[in-house]
Number of protein chains: 2
Amino acid sequence: MKTDFNEKQIQILLIAETLFAENGFERTSIRTIAKAAEINVAMVSYYFGSKEKLLEALILYRTSDLKIQIENLSHEELDPIEKIDKLIELYINRIRCNKGIYRILHFEFSSEEEEDKLKILNQLRDRNLKSLETIIHEGQQKGIFRKDIIIPLISPTILGTFFHFSMNKPYFKKLLALETDEAFENYIQTKLKTHIQQTIKALLIYES
Amino acid sequence: MKTDFNEKQIQILLIAETLFAENGFERTSIRTIAKAAEINVAMVSYYFGSKEKLLEALILYRTSDLKIQIENLSHEELDPIEKIDKLIELYINRIRCNKGIYRILHFEFSSEEEEDKLKILNQLRDRNLKSLETIIHEGQQKGIFRKDIIIPLISPTILGTFFHFSMNKPYFKKLLALETDEAFENYIQTKLKTHIQQTIKALLIYES
DNA sequence: GTTTAAATTAAACACTTGTTTAATTTTGTA
DNA sequence: TACAAAATTAAACAAGTGTTTAATTTAAAC
């Protein structure tokens with residue numbers, strides 16, 4: 001599949017991303033996208049073939065966009081605890097910036113088994129898991145981390161906490177008295193981030 | 001709103017629940033529901049008024065169904081750590097049994113602010129938070145738990161981890177070499193449950 | 001400047017959606 | 001049995017969906 005898109009295509013992709021993230025894939029019609037992008041309805045089919053293929057193109061566009069920052073991290077000269085902290089920070093920021101596409105990927109298509117669509121996503125997940133393993137093994141060898149950790153369950157805890165929080169935005173805004181969207185975003189980057197870091201470190205270090 | 005439904009209505013509700021959970025609210029048409037329930041399409045409008053109101057009825061049916069087991073727990077004679085363990089077990093089992101409706105509640109309507117629909121859900125969340133606070137405060141007074149915990153962030157960690165894991169079933173089945181659906185369910189009730197309990201306890205107890 | 005390909009358009013297409021209608025059957029009651 | 005209310009039905013409705021068509025405009029190449 002082609003990975004290079006022209007300006008018009010990217011314009012469509014970006015607007016589709018916003019609308020999909022706001023209202024979901026099904027709830028967003030091609031006509032809505034066309035109107036928002038100020039193009040003719042037929043252009044989506046013309047450029048991408050179909051609505052489904054537009055989504056595939058969007059996934060491709062966004063995931064090929066993502067550099068492998070996490071891989072680099074595991075080779076930096078930091079102690080394991082600092083690496084975990086940085087890893088979580090990376091995770092959160094990366095997803096925050098690509099919130100739209102992540103939301104679609106994780107919740108709109110997570111239960112479907114259509115291999116073609118998920119292949120790219122799975123590759124991404126596998127790479128991230130490998131990097132996480134490297135970091136944790138290092139900490140275990142140095143005697144800092146406990147050894148009975150199920151590593152594949154770490155990322156669900158990080159991502160799950162983050163997603164659950166940000167997907168129930170109205171509830172937590174009210175609960176935590178966060179009046180504006182900025183206050184909410186700020187809470188994520190400070191309190192929630194710290195909470196997740198604290199949680200994972202506690203899990204890795206704590207001796208029962 | 002009425003909370004008592006006749007047999008026919010419940011039959012429709014149960015089938016709708018399954019279909020909504022499997023394919024999402026939007027992707028499930030009234031005709032699909034009618035066919036599965038072996039009734040006429042008009043019956044849904046006749047009994048519930050509309051598709052939206054059918055969902056509202058389903059939420060009502062399921063949440064009024066849920067007894068307040070968690071509230072009872074906080075008054076039992078157990079030490080705080082045991083209570084946390086039991087609380088998490090309760091959470092997981094309760095959601096596992098009502099997976100369909102929880103999936104719809106948390107992901108299909110989590111970003112919408114429509115008060116009417118979420119009112120019941122919010123009440124449920126508030127009650128649960130209160131119970132959790134009671135348990136944690138008890139542990140803090142006894143000097144077992146640390147005092148700088150942000151309690152509202154505990155449930156996102158529990159629920160988020162669980163949801164993220166079970167919503168990415170295909171990926172984790174492959175990753176953890178769980179061949180059958182039963183093996184997957186079993187993994188949740190053993191390994192994942194323990195992982196979450198371990199995580200929360202570590203967070204509450206660990207001194208940095 | 002003409003030709004050829006790409007881009008863009010409005011309109012139509014075939015289909016699905018949720019909902020309503022009006023007629024018919026079933027059920028319960030007096 | 002007769003009547004009235006409830007349940008059920010097939011059909012129609014209006015609106016929206018993704019996609020395709022065929023005609024037109026724009027751009028590029030020669």
Side-chain angles (χ1 to χ4, degrees), chain A residues 1-61 100-101 104 108-109 112 114 116-117, chain B residues 1-61 100-101 104 108-109 112 114 116-117:
Chain A
M1 184 186 254
K2 282 202 290 181
T3 168
D4 53 328
F5 304 105
N6 64 41
E7 276 186 44
K8 205 101 206 178
Q9 286 177 304
I10 290 173
Q11 176 203 354
I12 299 171
L13 285 176
L14 293 180
I15 285 173
E17 180 179 37
T18 313
L19 293 172
F20 286 163
E22 272 174 9
N23 312 109
F25 179 72
E26 304 287 334
R27 263 185 278 255
T28 309
S29 76
I30 288 190
R31 281 173 178 78
T32 311
I33 298 170
K35 198 170 283 175
E38 290 177 318
I39 53 157
N40 189 279
V41 274
M43 295 308 289
V44 172
S45 299
Y46 177 74
Y47 272 129
F48 300 99
S50 70
K51 192 188 174 189
E52 287 259 309
K53 281 182 186 157
L54 166 68
L55 177 64
E56 289 179 40
L58 179 57
I59 293 172
L60 200 72
Y61 176 67
I101 187 69
I104 299 161
E108 205 104 22
F109 289 90
E112 291 179 23
E114 297 178 44
D116 288 341
K117 258 176 237 153
Chain B
M1 184 188 253
K2 284 202 290 182
T3 167
D4 52 329
F5 303 105
N6 64 40
E7 275 186 45
K8 205 99 207 177
Q9 285 177 304
I10 290 173
Q11 176 204 353
I12 297 171
L13 286 175
L14 294 180
I15 284 174
E17 180 179 38
T18 313
L19 293 172
F20 286 164
E22 273 175 8
N23 311 109
F25 180 71
E26 304 287 335
R27 264 186 278 256
T28 308
S29 76
I30 289 190
R31 281 172 179 80
T32 311
I33 298 170
K35 199 169 283 176
E38 290 176 319
I39 53 155
N40 189 280
V41 274
M43 294 308 290
V44 172
S45 298
Y46 177 73
Y47 273 128
F48 301 99
S50 70
K51 191 189 174 187
E52 288 258 308
K53 280 183 186 156
L54 166 68
L55 178 64
E56 288 180 41
L58 179 58
I59 294 173
L60 200 71
Y61 175 67
I101 187 70
I104 298 161
E108 206 105 23
F109 289 90
E112 290 177 25
E114 296 177 44
D116 288 340
K117 258 175 239 154

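Please read all numbers here as calculations on a predicted model, not as lab measurements. Letters A, B, ... mirror the listed sequences (proteins, then strands); counts begin at 1. Hydrogens, waters and symmetry mates are skipped; everything else that's a heavy atom, side chains included, is used.
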Trainee: Looking at every strand, decide which applies to B:Tyr47 at a 4.0 Å heavy-atom threshold: base, sugar-phosphate, or nothing.
Mentor: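 Sugar-phosphate contact only - B:Tyr47 comes under 4.0 Å of backbone atoms but never of a base.
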Trainee: Examine distances only and state if a side-chain atom of A:Glu17 and a backbone atom of A:Leu58 form a donor-acceptor pair shorter than 3.5 Å.
Mentor: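 No; zero donor-acceptor contacts below 3.5 Å.
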Trainee: Roughly how many Å is it from CG in B:Asn40 to C1' in C:dT20, rounded to a whole number?
Mentor: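 Going from B:Asn40 (CG) to C:dT20 (C1'), I get 12 Å.
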Trainee: What's the CD-P distance between B:Gln9 and D:dA6, to the nearest Å?
Mentor: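 Nearest whole value for this atom pair: 13 Å.
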Trainee: If only atom types and distance count, is the side chain of A:Thr32 paired as donor or acceptor with the main-chain N or O of A:Thr28 below 3.5 Å?
Mentor: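 No, because the side chain of A:Thr32 does not come within donor-acceptor range (under 3.5 Å) of the backbone of A:Thr28.
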Trainee: If I compare all heavy atoms of B:Leu19 with all of B:Ala36, which pair ends up nearest, and what's the gap?
Mentor: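 So the two residues come closest at CD1-CB, 4.0 Å.
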Trainee: Please state whether the phosphate of D:dT8, meaning OP1 or OP2, lies under 4.0 angstrom from any side-chain nitrogen or oxygen of B:Lys8.
Mentor: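 It does, given that an N or O in the side chain of B:Lys8 lies less than 4.0 Å from OP1 or OP2 of D:dT8.
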Trainee: Write down the distance between CD1 (B:Ile39) and P (D:dA6), rounded to a whole number of angstrom.
Mentor: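 From B:Ile39 CD1 to D:dA6 P: 19 Å.
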Trainee: List the steps, then state whether side chain to side chain contact (heavy atoms under 4.5 Å, CB included) holds for A:Ile10 with A:Leu14.
Mentor: CA-CA 6 Å; A:Ile10 290 173; A:Leu14 293 180; 4.0 Å; yes
Trainee: Could you tell me how far apart A:Phe48 (CZ) and D:dG18 (C1') are, to the nearest whole angstrom?
Mentor: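 Those two atoms, CZ and C1', are 15 Å apart.
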Trainee: Between D:dA7 atom C1' and B:Ile12 atom CD1, what is the distance in whole Å?
Mentor: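 One finds 11 Å between C1' of D:dA7 and CD1 of B:Ile12, rounded.
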Trainee: Please classify the nucleic acid contact of B:Thr32 as base, sugar-phosphate, or nothing, using heavy-atom distances under 4.0 Å.
Mentor: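 Counting heavy atoms under 4.0 Å across all strands, no contact is made by B:Thr32.
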Trainee: In whole Å, what is the span from the OH atom of A:Tyr46 to the C1' atom of C:dA10?
Mentor: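 About 17 Å, once rounded to whole Å.
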Trainee: Please report the distance, rounded to the nearest Å, between CG in B:Leu54 and P in C:dT17.
Mentor: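 After rounding, the reported distance stands at 15 Å.
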Trainee: A:Val41 has a side chain; which of C:dG18, D:dT19, D:dA6 sits nearest to it?
Mentor: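 Nearest to the side chain of A:Val41 among the choices is D:dT19.
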Trainee: Nearest to the A:Ile30 side chain among C:dT8, C:dG18, D:dT19, which nucleotide is it?
Mentor: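 Closest nucleotide among those given: D:dT19.
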Trainee: Can you tell me which nucleotide in C:dA7, D:dT19, C:dT19 comes closest to the side chain of A:Met43?
Mentor: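 Closest nucleotide to the A:Met43 side chain: C:dA7.
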Trainee: Among C:dA7, C:dT20, D:dT21, find the nucleotide with the atom closest to the side chain of A:Ala42.
Mentor: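 Selected nucleotide (nearest to the side chain): D:dT21.
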Trainee: Does B:Phe25 offer a backbone N or O that forms a donor-acceptor pair with the side chain of B:Lys51 under 3.5 Å?
Mentor: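 A pair under 3.5 Å: yes.
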Trainee: Nearest to the B:Arg31 side chain among C:dA11, D:dT9, C:dG18, which nucleotide is it?
Mentor: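 Of all the options, the side chain of B:Arg31 is nearest to C:dG18.
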Trainee: Atom NZ of A:Lys51 to atom P of D:dT17: distance rounded to whole Å?
Mentor: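 Whole-Å distance recorded here is 9 Å.
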Trainee: Counting the atoms with a prime plus P, OP1 and OP2 as sugar-phosphate, which does A:Ser29 contact under 4.0 Å by heavy atoms, base, sugar-phosphate, or nothing?
Mentor: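 Answer is sugar-phosphate: A:Ser29 comes under 4.0 Å of backbone atoms only.
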